[in-house]
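Report on one structure; see the data block that follows.
Order of appearance sets the numbers: ligands from 1, and atoms from 1 within every ligand. What you are looking at is a predicted structure, and each value in this text was computed from that prediction instead of being measured. Starting from 1, each residue takes its place in the sequence as its number.
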Amino acid sequence: MVSKTILGLSAYYHDSAACLLVDGRIVAAAQEERFTRKKHDAEFPKNAAAYCLSAGEIDAKALDHVAFYDKPLLKFERLFETYLEYAPRGFASFLKAMPIWLTNRLFLEEKIREELGTEAPILFGDHHESHAASAFFPSPFEEAAILTMDGVGEWATSSLGLGKGNGLTLHSELKFPHSIGLLYSAFTYFCGFKVNSGEYKLMGLAPYGEPKYVDVIRERLLHICGDGSIRLNMDYFEFAAGLRMTGRGFEELFGGPARKAESLLTQREMDLARSVQEVTEEIVLKMSRHVKQETGAKYLCLAGGVALNCVANGRLLRERVFDDLWIQPAAGDAGGAVGAALAVWHRYLGEPRESAEKRGTWRPGVPSKGKTAAPRPVGGVAATPDGDVALVAISAIQLPPYEDGMSGAFLGPSFSSKDISAWLESRRYPFRTVSREELPGTVAELLAAEKVVGLLQGRMEFGPRALGGRSILGDPRSPRMQSVMNLKIKFRESFRPFAPSVMREEVSKWFEIDADSPYMLLVADVAKPLRREMTGAEQALWGIEKLNVPRSTIPAVTHVDYSARLQTVRREANALYHEILAAFHAKTGCPVVVNTSFNVRGEPIVCTPEDAYRCFMRTAMDALVLENHVLVREEQPACAEGDDWRKTFTLD
Ligand SMILES: [Fe+2]
């Protein structure tokens, strides 16, 4: 049988990406930034597309379809109409946007043909339909409500509907300029962070603040309707007309000008972060309750940039509006490439879809209200009496089956052990090779000795989070790990704790949740018995100082409000990473490790062993694991850039 192939593309806004579908299965997906090393690269995803085609061993000429994730003409119409509505105020931004539109976007079909060298039909999806398709089609559910929320697509800023089998219907949408994503981005901008990437930081800042601006936001900036739709008061926002997100009205409302990037954070930014987070959660909950009422569905699928707000997602799960959630790991525009391709397969070509729920390879996980059983070592690896770690039968804990269409987001390039060792030898970098069986124990031993380990193994992750394929790992129990990893590895001070990866079997003993969070898109609290109350003197501390006070027995991953944005790891999704956690568990009694993305501040996550080695040498990381090859810092040749970390630290 001849396979049918579809290449999905997203580009020209932020995080351009490509995805290859072979007979409806996602075989490869990657963001352009990982290849060009330009963070959030929005250019045509030439390298990502080339990788996807090579992973599928397909020539671009043989593609059956190309699917682009939005409709440039409609987007242009929105830009043009917005300009007319706000003329002459919007002229500057209109003028700035024009050259890009006239060269690339309006003539996209020709551009795609030229870049790819393909004659395949090119289909253009609707931006929010692409998000919706990326949320529902790879989800495990046979039927589910769908909610998409972002800054803006063509006109829509949010949409809701129902997915069933291979069908997907969007029932209603919210239109520009009324946007929950742009509301959050306006506060991101006002608090001195970069729009389209600093939203995550604003969310991390919220636990330090008080919700003192919630009423002002509700009364002056927007009206929230019963169904969760919003109307922004455009007197306060500049994004429709100008090159800024907020203007003078915002400054008057919130006590002065926007915070300058990199300047000191004050209590005001923390209170603003907390306030807009609360308003966002209220809107997300109302929208979700509305779509539940409209569809009667048991489950919910989420995508769009706002779906990366893991605090809101965690609350949505805890409040049990739906029995379970599934969130597209590349919830931002990169994931649009996946959605566009899947929409062509199921909706345009009418090909059937067999959900994991129907196959019986998925059942809902039920979030617990917090179990109090003391953590104990259980798992796939046990320590032998002489201290060595040996593999034993995986724990008898029965988990509900879990499968989705994203393959744990491990959809990017991988590098063979043989190729890596040949490359290391050619560069004369000292390394030692350990067997696959020894590897988990070796990494666990390094971590238990408070070493920071860079790990590159298997396929690179698709989406913004590192999930054990391109990760920097540390011991979460160590009181100094937080600052060591921030200052010597990531080159930043941070008000955010690191994220934990935890064995799925053990999650309910360590966190107040008993559900899968494979993509680090849910926040849950650290289990009560592990927490540590702050003393009066510690309470009086401010900002980052507060973060340095241990809040639990795993302080490096516990936020000041005891929350953690966690990743649960199953053996089926990533066997080696699960074994590393199990080996660490057997050695220390702790099935949790610190997992931060393998990059330094301002750089995309590493892709190749060479990227990883460069990052390793630029930082004070102790060890680097490239598949089953282990490199130790002290043995490496001197590197001119090796002392970069001594330069000034910036707040992230
Ligand atoms: Fe979007």
State which residues pass side chain to side chain donor-acceptor pair (under 3.5 Å) with Ser407; sequence neighbours excluded, sorted by chain then number.
none
How are the rings of Phe44 and Tyr12 set to each other: parallel, tilted or perpendicular (split at 30° and 60°)?
tilted
Would you mind writing out the side-chain donor-acceptor pairs for residues 291-303 within the sub-3.5 Å range, not counting sequence neighbours?
| from | atom 1 | to | atom 2 | distance (Å) |
| --- | --- | --- | --- | --- |
| Lys292 | NZ | Ala297 | O | 2.8 |
| Thr295 | OG1 | Val291 | O | 2.7 |
| Thr295 | OG1 | Ala297 | N | 3.2 |

Cut-off under 2.8 Å, centre the Fe ion (ligand 1), protein N/O/S atoms:
His127 NE2, His131 NE2, Asp150 OD2, Asp333 OD1
Kindly state each residue pair satisfying side-chain hydrogen bond (donor to acceptor under 3.5 Å, both in side chains) with at least one member in residues 140-152, sequence neighbours excluded.
His127-Asp150, His128-Thr148, His128-Asp150, His131-Asp150, Glu142-Ser355, Thr148-Ser159
Evaluate the salt bridge (charged side-chain N to carboxylate O under 4.0 Å, His left out) criterion for residues Glu32 and Lys46: first the C-alpha distance (whole Å), next the side-chain angles of each, then the deciding distance (0.1 Å), finally the verdict.
CA-CA 7 Å; Glu32 185 68 0; Lys46 198 181 165 78; over 6 Å; no
Shortest non-hydrogen contact from Phe462 toward Pro329
O-CB, 4.4 Å
